[in-house]
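Just below is one structure, and these are the notes that go with it.
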Amino acid sequence: MGRGISGLSGASTVYALSSAPGKAGVAVVRISGPEALAAAGQLLGKRALPIPRQATVARLSDPLTDDLLDQALVLTFPGPRSFTGEDVVELHLHGSRAVVAGVLDALGRLQGLAPAPPGEFTKRAFAHGKLGLTQVEGLADLISAETTSQRQQALRHLEGDAQKLLLGWRQELLHALALLEAYIDFSEDENIEEDAFSSASEKVGHMVEEMRRHVADSRAGQRVRDGVRIVLSGLPNVGKSSLLNYFCRQERAIVTDIPGTTRDLLTVDLELRGFPVIFVDTAGIRFGDQVDRVEQEGVRRAQEAAANADVRICLQDATNPESLCCSTLKQGGVPCACLHGSAINADQSTPPHLLRVVNKCDAKPLSMELSEGVLSVSCLERKNLDQLTTVLGDTVETLCHTASGEVPTVVRHRHQQHLTAALEALEQALVSSALSADCVLMAEEMRYALSELGHLTGHVKLDEMLDIVFSEFCIGK
Ligand SMILES: Nc1nc2c(ncn2[C@@H]2O[C@H](COP(=O)(O)OP(=O)(O)O)[C@@H](O)[C@H]2O)c(=O)[nH]1
Ligand SMILES: [Mg+2]
């Protein structure tokens, strides 16, 4: 039942430190493969192997020198009921460098054992059908999760929510294709039900609707995984860097009253209500003779960052009438100096969510009435910044939730690409069905969609795709 995956380590039994390297309370060494139980037996000396899946304290010794290595907790998981599907042993050692080095050395000297390359255990789990590809990705995400939302999303993927949904679509599609092919082959035959064709079209139509919903939600999952990009933009000296420092609770960006102080993009990773956010401070937008080449490039990058943001905080200055004249304030519309003349990235399907904020309200009472939704704050006197944080938190939450509240299936760019391609093929299949009742063309499109779904579930195995997926893992996983 192996999945015949290339790139597995040549050695049949592998071992590695699975916990983080360095001094720790406990360190876990994992061994997987046909020699795993025998290897553990050698470290245990004359003592019998513990009962499977039962943690047992045992003295481990170097089989060659008989040196005592550690008193450890030993767990055995005979295959196929193990993480990799093979025989697996876990040694829970005292987490000192000397203990770990001693045990790894002793294992390295045993016949048929080799150190596991990065991701090898997970690769074996995939090869033995223990994990689907989206579950493998969920595992990688779980290991790198830094916020609550990332943990929740990754766990649901690891538990197979996305895999189940995709496999369900795959089954539906296979069924519809079988109906259609039977209709193509035997349509003359009386035994073939009249409605095989319409029934296949109906199934495809249903799938198209569901897939559209998931593709539309695609940014939410990617944002939880990669972080919501919040870009601070506006004219020079409006207080962008001051606001960034407020959110970081430290002086990350240089603040001066000299226009053009910030030139490059400055990004800071933070957490807001359990969601990962990336704040981006940018150069103030200005043009003209006083702007040198370095600052011009900074302005270009600022415009690009603003165009590609998930949320754009358009900051303005209560003491600077020029910044208050910005059309965003007057009309509540999207166009603004920060974006003027910049090319909006074609990849960005949804325009940035805009938050309009007027800073320095301590210095000058606003003579004009602010349009609805514009917040007036003071970075200097910390006025209304809690309110801004609340609005920002609400926005981030909305941007990270799918419309239905279901767990997003699409959490990576790879997912979005394949799901979109599958959807387009099925939409095309529907066109063939409706316009010309062309079953052959329709079946062709459905087969293409099937292969795109297969890239997501791991049913279609391209080595380079698997390399990308597994490259995220470290040694011992
Ligand atoms: N009065 C007042 N000055 C501020 C406020 N926020 C920032 N400033 C000042 O405005 C100047 C420009 O601030 P900075 O954060 O560097 O603006 P940036 O160019 O948009 O990044 C500095 O001298 C700040 O001290 C505020 O809320 N009130
Ligand atoms: Mg600045």
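Below, each value reflects all heavy atoms present in this structure, side chains not excepted, and no hydrogens, waters or symmetry copies. Read the numbers this way: they start at 1 and go in the same order the structure lists the ligands and their atoms.
- When only modelled atom types and interatomic distance are considered, S32 and E86 share a side-chain donor-acceptor pair under 3.5 Å.
- Residue S378 approaches ligand 1 through these ligand atoms, each under 4.0 Å from one of its heavy atoms: 27 (O).
- Between W169 and H206, a ring centre-to-centre spacing not shorter than 6.0 Å is recorded.
- Comparing G234, S241, S233, G284 against atom 21 (O) of ligand 1, the shortest heavy-atom distance belongs to S241.
- The closest approach between a heavy atom of T261 and any atom of ligand 1 is not below 4.0 Å.
- Residue contacts with ligand 1, taken as heavy atom pairs separated by less than 4.0 Å, involve N359 solely via side-chain atoms from C-beta onward.
- When the shell of 6.0 Å around CD of E297 is examined, it contains more than 12 heavy atoms from other residues, nucleotides or ligands.
- A salt bridge between E120 and K123 is absent, with no side-chain N of the basic residue lying under 4.0 Å from a carboxylate O of the acidic one.
- Between R301 and D264 there is a salt bridge, since at least one side-chain N of the basic residue sits less than 4.0 Å from a carboxylate O of the acidic one.
- Within the listing of ligand 1, atoms 13 (O), 14 (P), 15 (O), 17 (O), 18 (P), 20 (O) sit less than 4.0 angstrom from a heavy atom of G239.
- If you check which protein heavy atom lies closest to atom 12 (C) of ligand 1, you get N237 OD1, 3.0 Å.
- Here's the thing with V238: one of its N/O atoms is less than 3.5 angstrom from an N/O atom of ligand 1.
- The shortest N or O to N or O distance between L380 and ligand 1 is below 3.5 Å.
- Taking the ring axis of F275 as reference, the NZ or CZ atom of R223 does not stay both within 45° of it and closer than 6.0 Å to the ring centre.
- Atoms of ligand 1 lying under 4.0 Å from at least one heavy atom of K240, given by number and element, are 15 (O), 17 (O), 18 (P), 19 (O), 20 (O), 21 (O).
- Atom 27 (O) of ligand 1 has as its closest protein heavy atom C379 N, 2.8 Å.
- Residue-to-ligand polar distances place K360 within reach of ligand 1: an N/O pair is separated by less than 3.5 Å.
- Taking E444 as the reference, R447 meet the salt bridge (charged side-chain N to carboxylate O under 4.0 Å, His left out) condition, with sequence neighbours excluded.
- Listed by chain and number, the protein atoms of type N/O/S under 2.8 Å from the Mg ion (ligand 2) are S241 OG, T262 OG1; waters are omitted.
- No more than 12 heavy atoms of other residues, nucleotides or ligands shown are found within 6.0 angstrom of CD1 on I254.
- Side-chain atoms of E445 do not come within 3.5 Å of backbone N or O of A429 as any donor-acceptor pair.
- Comparing heavy-atom distances from atom 11 (C) of ligand 1 across V255, T256, N245, L243 singles out T256 as nearest.
- We find that R252 and D281 are not joined by a salt bridge, their nearest charged nitrogen and carboxylate oxygen being 4.0 Å or further apart.
- Applying the 4.0 Å criterion to heavy atoms of S242 picks out, from ligand 1, the atoms 6 (N), 7 (C), 13 (O), 14 (P), 15 (O).
- Around the CD atom of E202, the shell of radius 6.0 Å holds no more than 12 heavy atoms that belong to other residues, nucleotides or ligands.
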*Assess whether side-chain contact (heavy atoms from CB on, under 4.5 Å) is satisfied between R124 and F83, documenting all intermediate values.*
CA-CA 9 Å; R124 289 181 179 218; F83 173 69; over 6 Å; no
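- For the residue pair E159/H157, the side-chain donor-acceptor check at 3.5 Å is not satisfied.
- Counting the atoms of ligand 1 from 1 in the order shown, those under 4.0 Å from a heavy atom of D362 are 1 (N), 2 (C), 26 (C), 27 (O), 28 (N).
- The atoms of ligand 1 that sit less than 4.0 Å from any heavy atom of D257 are 23 (O).
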